[in-house]
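Quick caveat, the model's predicted, so the values are computed rather than measured. The sequence lines fix the lettering, A, B, ..., with proteins before strands; numbering per chain opens at 1.
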Amino acid sequence: MEGGFTLLEMDTEECTNPWCGMDLRVSGPEEALSRARQDQVFFWHYFLLRCPHPGQRQFILGANATINALACSNRYGKTTILAGRHFHKNIFKVGAEHLYLDPGEDGYEFNVRSFLRTRYRTVHTAGEWDQAAEVWEDAQKLRAESPRLEMLITGDKKSMPPHINFLGGARWLFRTLGVKGSGIDGKNFYLLSIDEGGWIMDLEEMMRNVLQIRIADVRGQIDVVGTFKPGMSKDFFKICVRASAATGVGISFDHRSQSEGEEVDEDQAASLDEAIFKYAKDVGFDLTGEIARARELGVID
Amino acid sequence: MAVVEKLSPPHRQTYYVQTGGMHENPYGVPREEIVRFIIDNPAETVAQVVFGKYVEASGLVFGSEIVQQMFRRDMQPINSNFWIDREARERAKPIVARGEDYLPPFHTGVDFARQTDYTVITTLDCSTNPARCVYYKRLNRVPWETIYTEVGIARMLWGPNILGDSSGPQGDVIFDALESRHFCPEHRRTSMLGNRCVDDNGEPLTCDQGTYLPLSCVEGYQFGGGTGEAKKRLVEHTRNVMSTGYRRDRPDLPFGQIRMPPIVQLEEEVTFYTWLDKKLETDCLFSLALAAWSGLEEVLPDPDFGSVYGD
C-alpha cells in the first residue's frame, strides 16, 4: 500500500493492488457497460481508472440508504468518492430503473427511448463555492485522465454555476447551498451530495426544510460527508449520531481499551492517548517503534 | 415464461453511516506524516482528524448500540402520537378483567406536561423478556380533564400498575386530583369519587358505578427537585435495563430488557439525551423510564455504558 497514487493504465487486465486483484478483462464496450452498471468497483477501475481503497469501496457499495453520512478524516479520499458516485449514477441513471426497464418475457428489457426521456439530475453542494469546487475539479481531472469516461459525457458548462451533461441525458449540477438551502430549492435530484458538512451551521434546518424534500419525489439519496473537528457544527454530528442510532454503527472513539481477559494498567486504560495507540495498532497501524523513539527523545510522556 | 412484474421505485433504509481514517487511504498522507501528527497533537485532535472518530465529550447518555438494540427495525417508523399493539390488547382483556386481586404484567409510565411540553403515556408488557411496548400516547395543549381521562383509559386497558411524575407543587395538585377521581369505562370520562356520570343536563346516566376504576392506583415518582438525584437514578435504571446482557466480545448477540416500536420522537429523545437536559424534549423518554422503573428489575450489567451507579 506504499508508493502513493496509482493511475491504472487503459490496458490493465488485472488490478495489482494488494487489497484488490480485480479481473478487468471484458469482451467489449457492451460488456464493460453492463458490468459497470452492476459493479461500482469495476466501474471505478474501468471508467475512472482508479482503484478505490477498502474504505472507499465500503462506502460506494454500502451507502444505499436515503441519508448516507461519511464522517472521515482529512485526506481520506472523499472528494473522489463523491465524484465517482455522481458519475456512476448519471451515466446509468441509477435509481430510476423503474422508468426505463420494461417487464419482458426473459426478465427486464432496457427501453432506450424511455431511458433517454427520463429526466435525471444530481447535484453536488457545499456551504461555500471553494468547497464545492473541489469535487468539480476532481471530476474534470477524472475526465481528462480517462477517455472511456469522457466518451460518456456530451459536454459541460464551465461558467458559474457549472454542470456536466451525460450521453443518456442526465445532468450533474454544482451549487452552493445558499441561505438555508435556497441554492438548490425548487428542483429534484437523484443524488444530492454535501461536502464539508461539518462547517454548515444550519444543516439540520436545511435537511428538514429543503434537502430531504428535494430528493423525496424521486426517492433519491443524500450523501453528507465531513470531518469531526473541534469547533465543527453540531448539526453534522447530530446527523451522524442519528444514523448511528438507527444502524448501530459506532462513530465515536471507544475509550474502553481493555479487552476481555486482558491485563491493562488502570491509569493507562483510562488514557485517551493509550486508547489511540491501541486503536491504531488494532487497525493495522502499529506505532510501537515510533512511540518508543518519541519517548526516548522526550517528545511524549 | 411468465412476464416479470413492473419495477417499483427503490425502497431504502433511512440511514447509513461510516467513519474512516487517514491511514486507510494508501494514496493519501505518507505514513511518517501521520505518525508525526499523532505524536505531536492532542489525543482528541488525533482521534478526530486522523482516525475520523468523534471523541465522546458531548455527554450523550445512551450509546448507539443500545439505542439501536431497543428499537424494532422490522416495523415502519411511527410518526404519530398514538400507537397500540392491538394483539396485546386482546390478550390483556381477560388478564385486566381479573380485578384488583391480580396485578397484571403491564406497567404504565406517565410523564405529565408542565407548561409547554407533552404528556406522554407508555405501557410495557413485562411478561416477556425483553419487555415489549404495547401502548404509547402523546398529548399536548389539552385540558387537565382530558389528561386524567387518558390516564383512566390506560388504567382500563392495561391495569393499575401506573407510575407518574409527581415532582414539584404541580405534582401534588395532579396527584390530589387523581386520588379523588374514578373513571367510567362505559362513558370514558372521569368524575369525583362519590359522583357518577351525568349527561349534559346534569341527569345521572345509567352506567354501573361498580365498574368505575379508581385512579388512586397511580403512584408518584419524585424527580428530586434541585439536586435531580432521583431523576438521575431513573435514567440510570433505564440505561441499565436497556443494556442488560450486552457482551463486548459478542456485540452481535441480542441484549437489553426492552423492545420498542420505532417511535420517531422517542428515538430522537433517547439518542440526544444528555445529563444536562434543561432545554431538551424528554417526555417520551421519561414516560418510558417510569414504566421501566415500575416493571423491570435492574440486573446490574458490566459497566460498558458508563458507571452503573451514574457517577
Could you tell me which of A:Gly226, A:Pro52, A:Gly62 has the largest number of non-hydrogen atom pairs under 4.5 Å with chain B? A:Gly62
Find the distance between CG (A:Asn74) and CG (B:Asn25) and round it off to the nearest 0.5 Å. 11.5 Å
Shortest non-hydrogen pair, B:Val17 vs A:Ala243, comes out as CB-CB, 3.7 Å
Run the numbers on A:Tyr76 and B:Met22 for side chain to side chain contact (heavy atoms under 4.5 Å, CB included), then give the verdict. CA-CA 5 Å; A:Tyr76 181 72; B:Met22 200 181 270; over 6 Å; no
Bottom line for B:Arg73: the part with an atom under 4.5 Å from chain A's heavy atoms is side chain
Please classify the contact between B:Phe71 and chain A as side chain, backbone, both or neither, with a heavy-atom cut-off of under 4.5 Å. neither
Carboxylate-amine/guanidinium proximity below 4.0 Å for B:Glu268 and A:Arg242: yes
For A:Ser73 and B:Val49, which heavy atoms make the closest approach, and how far apart are they? CB-O, 2.8 Å
So with a 6.0 Å cut-off around CD of B:Gln13, is the heavy-atom count from everything else above 12? no
Answer yes or no: is there a side-chain heavy-atom contact under 4.5 Å between A:Trp19 and B:Pro26? yes
From the list A:Gly95, A:Gly220, A:Cys72, A:Gly77, the residue making the most non-hydrogen contacts under 4.5 Å with chain B is A:Cys72
If you measure from OG on B:Ser8 to CZ on A:Arg219, what distance do you get to the nearest 0.5 Å? 7.5 Å
Whether the side chain of B:Gln18 engages the backbone of A:Leu70 through a donor-acceptor N/O pair (distance < 3.5 Å, no angle test) should be reported. no
How long is the span from the SG atom in A:Cys240 to the OH atom in B:Tyr15, to the nearest 0.5 Å? 10.5 Å
Side chain proximity check, A:Thr247 to B:Tyr16, heavy atoms < 4.5 angstrom: no
Give me each pair satisfying salt bridge (Lys or Arg N to Asp or Glu O under 4.0 Å) with a member in residues 3-21 of chain B, each pair once, sequence neighbours excluded. none
Toward chain A, the part of B:Thr271 with a non-hydrogen atom under 4.5 Å: both
Among the options A:Ile239, A:Val249, A:Val224, pick out the one with the most heavy-atom pairs lying under 4.5 Å from chain B. A:Val249
Taking the side chain as C-beta and beyond, is there a heavy-atom pair between A:Cys51 and B:Tyr27 under 4.5 Å? yes
Pick from B:Val67, B:Val270, B:Val35: which one has the most heavy-atom pairs with chain A under 4.5 Å? B:Val35
Determine which pairs satisfy side chain to side chain donor-acceptor pair (under 3.5 Å) with at least one residue from residues 53-66 of chain A, sequence neighbours left out, and list them in order. none
